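Down below is the structure, laid out as structure tokens.
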Amino acid sequence: MSAITRVVSSRSGLRAAYAELPTGTVRAVVPTMGALHSGHAQLIRAARALVGQAGHVTVTVFVNPTQFAAGEDLDRYPRSFDSDVEVCAAEGADLVFAPSVETVYLDPEPMVTIDPGPLGTLLEGAVRPGHFRGVLTVVAKLVSMTGASLLLLGEKDFQQLVLVRRMVRDLDLPVEVVGVPTVRADDGLALSSRNVYLSDAERLAAITVPRALEIGVETARAGGSARDVLSAAQSHLQGRDEFEIDYMVVTDPDLGPAPESGEGRLLMAARIGKVRLLDNVRIDLGVGG
Ligand code: PAF
């Protein structure tokens, strides 16, 4: 674990930091929007484990404006830079790259962006038009700027993970994408920077979401089909007026149609008050034979 984590905010600072590394140093990047929690800490730990003590871990802290639609929470997105740097230091990150918007986007409205394709218009993309174009564009830029050969992302934003993998494959980007399992609070709620917006009552109600997903997992384990999984999970949320469900679906691991057997994914997003809760779990279908 490094005692000191260096912080840079300019492209030249980033280049200078990398120029000091011995040739061949394996580098990983963990892109974040700050407001770091234990889920991010887990990503940094996973990065360190992959590159080893001789490798190098960069955490980027950048609230990317192009992935927020008008009217979303860009201005009030939680920001906690000093404690973010502490988390990075505690987890042994070598470098924090915290650029300004002007450093990342040389033009306020970039002319060339990355089209996420049809998958970018489904699920989160249907609720947040343009979101994944912004995500893929900034992730490609951060990969390019850092030159990392490993890119770590959480499974919590599963559609983001699938789309980034797809971008890397379709555009031959020289980076390996590593998905890291979701970190949950003791009561099962998936950690998210936006959980700070939940009132006490909403926070209590929010555990219905992971519970519904768990019921889906149990239904699959008992031999249920994708349809059974969905209806079992949905019925757990029925009558809960505090929730508005944006979507709940069963897919394959690439977000294609649910398979009859093998690995699937149960994903949902629900609104509670002003907060959108996103969660997903792996399910194994067709186990009943
Ligand atoms: O998951 C996030 O925090 C963001 O979407 C990411 C990957 C850092 C891009 O801004």
Side-chain angles (χ1 to χ4, degrees), residues 9 14 28-44 46-47 57-69 72-81 83-85 87-88 91 93 95-105 110 113-116 119-120 123-125 127-146 148 150-168 171 173 175-183 190-197 255 267 269 275-280:
S9 57
L14 193 61
V29 64
V30 178
T32 80
M33 298 209 299
L36 303 187
H37 49 64
S38 310
H40 296 109
Q42 177 65 30
L43 287 170
I44 302 169
V57 176
T58 302
V59 177
T60 67
V61 175
F62 178 62
V63 182
N64 173 38
T66 67
Q67 69 189 73
F68 289 77
E72 287 188 350
D73 58 347
L74 173 61
D75 294 336
R76 63 183 191 110
Y77 192 81
R79 286 168 168 85
S80 56
F81 188 64
S83 83
D84 292 347
V85 174
V87 172
C88 292
E91 300 305 336
L95 185 67
V96 173
F97 178 47
S100 65
V101 174
E102 294 71 28
T103 297
V104 173
Y105 292 103
T113 55
I114 293 183
D115 179 356
L119 209 54
L123 307 175
E124 281 307 289
V127 182
R128 307 182 66 187
H131 172 66
F132 288 117
R133 179 180 296 277
V135 169
L136 294 190
T137 302
V138 82
V139 170
K141 284 166 77 67
L142 293 170
V143 165
S144 215
M145 282 186 238
T146 60
L150 292 164
L151 166 68
L152 289 93
L153 290 170
E155 285 184 351
K156 155 134 191 325
D157 294 312
F158 195 74
Q159 189 175 7
Q160 166 172 284
L161 175 62
V162 170
L163 277 166
V164 169
R165 281 195 204 284
R166 207 48 216 235
M167 167 177 77
V168 164
L171 300 183
L173 299 187
V175 71
E176 186 188 329
V177 182
V178 179
V180 176
T182 303
V183 176
L191 297 191
S192 161
S193 303
R194 289 186 171 98
N195 288 353
V196 295
Y197 299 150
L255 297 181
L267 302 100
V275 185
R276 290 187 69 244
L277 299 172
L278 263 62
D279 205 348
N280 68 87

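Indexing begins at 1, ligand by ligand and atom by atom, following the structure's order. Just so we're clear, the structure is a prediction, and the values are computed from it rather than from any experiment.
With a heavy-atom cut-off of 4.0 Å, T60 does not touch ligand 1 at all.
Inspection of the Y77 and N64 side chains reveals no N or O donor paired with an N or O acceptor under 3.5 Å.
At the shortest separation from atom 9 (C) of ligand 1 among protein heavy atoms lies Q67 OE1, 3.3 Å. In terms of protein heavy atoms, atom 3 (O) of ligand 1 is closest to M33 CG, 3.6 Å. Nearest protein heavy-atom neighbour of atom 1 (O) of ligand 1: Q160 NE2, 2.8 Å.
Side-chain N or O atoms of T58 include none that pairs as donor or acceptor with a backbone N or O of V29 at under 3.5 Å. Put simply, the side chain of D84 never gets that close to the backbone of G34: no donor and acceptor are under 3.5 Å apart. A donor-acceptor pair under 3.5 Å links the side-chain atoms of T182 to the main chain of K156, judged by distance alone.
Atoms of ligand 1 found under 4.0 Å from any heavy atom of P31, numbered from 1 in the order shown, are 8 (C). Every atom of ligand 1 is numbered from 1 in the order shown, and the set under 4.0 Å from a heavy atom of V138 is 9 (C), 10 (O).
Within the 4.5 Å cutoff, no side-chain heavy atoms of D157 are placed close to those of N280.
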